[in-house]
Amino acid sequence: MTPPSPAIGVLALQGAFEVHARRLAELGADASLVRKPGQLAALDALVIPGGESTTFLKHLERAGFYGVLNEFVHSKPVFGTCAGCILLAREVTNPHQSSLGALDIAVERNAYGRQNDSTILSAETALPGGPLEMVFIRSPRITRISDSIQVLAKRGDSPVLVRQGQILASTFHPELSHDPRVHQLFLNIVRSAMP
Amino acid sequence: MKENNGFGKQHDSSTGLRLKTGLAEMLKGGVIMDVMNVAQARIAEEAGAVAVMALERVPAMIRAEGGVARMASPRLIKEIMEVCTIPVMAKARIGHFAEAQVLQSLGVDFIDESEVLTPADEQHHIDKHAFTTPFVCGAKNLGEALRRISEGAAMIRTKGEPGTGDVVHAVTHMRTIVREIKALTALRGDELYAAAKNLQAPYELVRMVAEAGKLPVPNFSAGGIATPADASLMMQLGAETIFVGSGIFMKEGGTPLDIEKNDEERKEAISRARAIVLATLHYDDPKIVAEASEAVIGSMKGLAAAAIEEKNLMQTRGW
């Protein structure tokens, strides 16, 4: 018997939501776009994509979205990439801004410079299957992690893919690479959290 | 093939293009706002813009004042980059690759090779493959969009008719591009060669569009978008992000709202900026577009595009 497809939402306030949804669907998830707080209740898990975190915050201030999302990320599996990682962090600098605090890390925004400093790197990670391509776009940097954080990939000394229980976060964009391993890992987390 | 931007950094061209379209991907579903100073940039970011376009004069002022419109002063661009955490774009004149080199050296996140400025070359657009910084270019139809993409553009926007507050030409251009893409998908493979000839675009790109049913780079909309309902209209017609130029900070003709000294006019600018951002996100929910429209105080007076003489149109610049 095939297990039921997990219902995974992609927060679609703005940003790279389409590519995430496509990848999740390819891997067998029931993917949907989330633009309103009422849509969260039916989901098993959520992806918070890259985009502009300040824009996300503006939208979340409306219609009680922030509170509902805050409850969701503290109880269900969540995967945040780039701006999504910033939103999940406990502390955000450069400049300071509010965040959901579900992931015990500190993040510095635009830490590697502007678009001209965006880059694609390839490195060995904790994921089996050889080097992983990592696309960094105006990327943030994880500057502090707590003991409860598992580091799955690094760029120099800085963690770039981290996990804390059922929360996964990357400062790079796995949705812009063909390699499905990071999304597959998230699906495994989601499946094991399902009743 | 290697590209060298002159700053000691090299990408092969496919890596470069992926990083460029990658940033465009991050801007989807948002609003990019023209700003002429730091105070406007702060309002744009505060209202939820995904990027700002730094320029000396918005299209409505260029239209009203005339003269040669050029790249903005590096001083202004740097000031705006200093206060914004969101990406900062700036415009170079069509074909003016030296202005583009200057913008790249300043570190702007996107360069708009724009018909809003006075063209510097009547024949050639900038070779955008030669830059690390991504480019956005305007287009009126599919052939023009594909010519710009073949030159290295990482984002296409409709041209519309800038500085008018009249959305009619943005609609025409978006409908044309979408219709021409659909028509390609219905052709047999052996018919694509003639299609490429008719579109005056490279065959390889024509084939990609025919197979994918969409442009190989994000497709945004600009030119005359002035209200929340305009933004909703363009998103429903297929735009992936909205550029708003004169619609937020202008009142009549070439006069900007006084956001520094006049509190009422400042509130007006903020209300317009917020409303467009909200309507772009919920473009398919008329109730929220209505709510956004209701929150707007005042609007740019605008200029009917049909009243502009052919020779004064900006959209016919470039080919």
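Throughout, protein chains are lettered first and strands after them, A, B, ... in sequence-line order, and every chain is numbered starting at 1.
Between A/S118 and B/L23 there is no side-chain heavy-atom pair separated by less than 4.5 Å. A/E18 has its side chain within reach of B/K28: a pair of non-hydrogen atoms, C-beta onward, lies under 4.5 Å apart.
Residue contact with chain B, scored on non-hydrogen atoms closer than 4.5 Å, involves the side chain of A/E133 exclusively. Using a 4.5 Å cut-off between heavy atoms, A/R114 contacts chain B through both its backbone and its side chain. When heavy atoms are compared at a cutoff of 4.5 Å, A/A83 does not approach chain B at all. Interface residue B/A49: only backbone heavy atoms are found under 4.5 Å from chain A. With a threshold of 4.5 angstrom between heavy atoms, A/R109 approaches chain B through side-chain atoms but not through N, CA, C or O. Contacts between A/F56 and chain B at a heavy-atom distance below 4.5 Å are absent for every atom of the residue. Neither the backbone nor the side chain of A/Q97 has a heavy atom closer than 4.5 Å to any heavy atom of chain B. For a residue to count as touching a neighbouring chain, one of its non-hydrogen atoms must lie under 4.5 Å from one of that chain's; by this rule B/V88 touches chain A with backbone and side chain alike. Within the 4.5 angstrom heavy-atom criterion, atoms from both the backbone and the side chain of B/P87 approach chain A. Heavy atoms of B/E46 lying under 4.5 Å from chain A belong to its backbone as well as its side chain.
Between B/E45 and A/K58, none of the side-chain N atoms (NZ, or NE/NH1/NH2) sits under 4.0 Å from a carboxylate O, so this pair counts as no salt bridge. Of the charged side-chain nitrogens involved, at least one lies within less than 4.0 Å of a carboxylate oxygen, so that B/D285 and A/K36 count as a salt-bridged pair.
Ranked by non-hydrogen atom pairs under 4.5 Å with chain A, the options B/G107, B/A24, B/G30, B/A47 are led by B/G107. Comparing A/A12, A/G15, A/G50 by heavy-atom pairs within less than 4.5 Å of chain B, the highest count is held by A/G15. Contact tally against chain B (heavy-atom pairs below 4.5 Å) for A/L13, A/V19, A/T54: the top residue is A/L13. For chain B, the option among A/R138, A/R35, A/H59 with the highest count of heavy-atom pairs below 4.5 Å is A/R138.
Closest non-hydrogen pair, B/M26 versus A/L176, comes out as CE-CD1, 3.9 Å. Between A/P95 and B/T85, the shortest heavy-atom contact is CD-CG2, 3.3 Å.
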Using the rule given for side-chain contact (heavy atoms from CB on, under 4.5 Å), can you reason through A/S177 versus B/R18, listing the C-alpha separation, both sets of side-chain angles and the distance that settles it, and then say yes or no?
CA-CA 9 Å; A/S177 294; B/R18 286 178 65 204; 3.9 Å; yes
List the steps, then state whether side-chain contact (heavy atoms from CB on, under 4.5 Å) holds for B/E25 with A/H173.
CA-CA 11 Å; B/E25 200 69 42; A/H173 292 280; over 6 Å; no
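Taking a 6.0 Å sphere around NZ of A/K154, one finds it holds 12 or fewer heavy atoms contributed by other residues, nucleotides or ligands. Within a 6.0 Å radius of CZ in A/F65, more than 12 heavy atoms belonging to other residues, nucleotides or ligands are found. The neighbour count for A/R181 CZ, taken as heavy atoms of other residues, nucleotides or ligands under 6.0 Å away, is above 12. The number of heavy-atom neighbours closer than 6.0 Å to CD of A/E71, taken from other residues, nucleotides and ligands shown, is 12 or below.
Side-chain polar atoms of A/N116 and B/T133 form a donor-acceptor pair below 3.5 angstrom.
Among residues 273-282 of chain B, the residues having any heavy atom closer than 4.5 Å to a heavy atom of chain A are, in sequence order, B/V277, B/L278, B/L281, B/H282.
With A/Q14 as the fixed residue, the side chain to side chain contact (heavy atoms under 4.5 Å, CB included) test singles out one of B/V31, B/T241, B/V50: B/V50.
The distance from the OG1 atom of A/T119 to the CG atom of B/L19 is 6.5 Å, given to the nearest 0.5 Å.
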